[in-house]
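Scroll down for the structure; my scribbles are underneath it.
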Amino acid sequence: MARAVGCPAAMDLTPLEERLAHLIRTVDDMSDIIARQEREIALLTRRVQMLMEREAEREQQAMREVPIDRPPHW
C-alpha cells in the first residue's frame, strides 16, 4: 500500500497489526499459564493442609502415649 504524504489515515498498519497479534498471543499464553498455576497452587494447598492435619493427629497421639508417671529418680 502506498503512503500518502500528510494523510495519516492512509498509513500502512501492517506492522502495528503484527505487533498487536503477537501481543494478543502472548497475553493468551500467559493467561493459560496463570490458569494452570492457579490449579497447581490449589492442589498443593490442599495437600499441605492434609499433611498439617495428619501431623496434628500424630502429635495428639504421641501426647496420649507419653506416660504421666513420675520418673524413677523422684
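In this chain, residues are counted from 1 in sequence order.
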Rounded to the nearest 0.5 Å, the CD1 atom of Ile24 sits from the CD atom of Glu17 at a distance of 10.5 Å
side-chain contact (heavy atoms from CB on, under 4.5 Å) test vs Arg25 passes for just one of Asp28, Asp29, Leu23, Val27, namely Asp29
Item checked: Exceeds 12 heavy-atom contacts within 6.0 angstrom, atom CD of Gln61 -> yes
To the nearest 0.5 Å, atom CE of Met50 lies from atom CZ of Arg46 at 10.0 Å
Open item on the list: Atom CZ of residue position Arg47 - does it have more than 12 heavy atoms of other residues, nucleotides or ligands inside 6.0 Å?
Closed with: no
Query - Met30 atom CE: more than 12 heavy-atom contacts under 6.0 Å - result: no
### Thr45/Gln49 under side chain to side chain contact (heavy atoms under 4.5 Å, CB included): CA gap, chis, key distance, verdict
CA-CA 6 Å; Thr45 300; Gln49 181 63 35; 5.7 Å; no
Here the gap from Ile41 atom CD1 to Arg36 atom CZ, rounded to the nearest 0.5 Å, amounts to 10.5 Å
Could you tell me if the side chain of Leu16 sits less than 4.5 Å from the side chain of Leu20, heavy atoms only? no
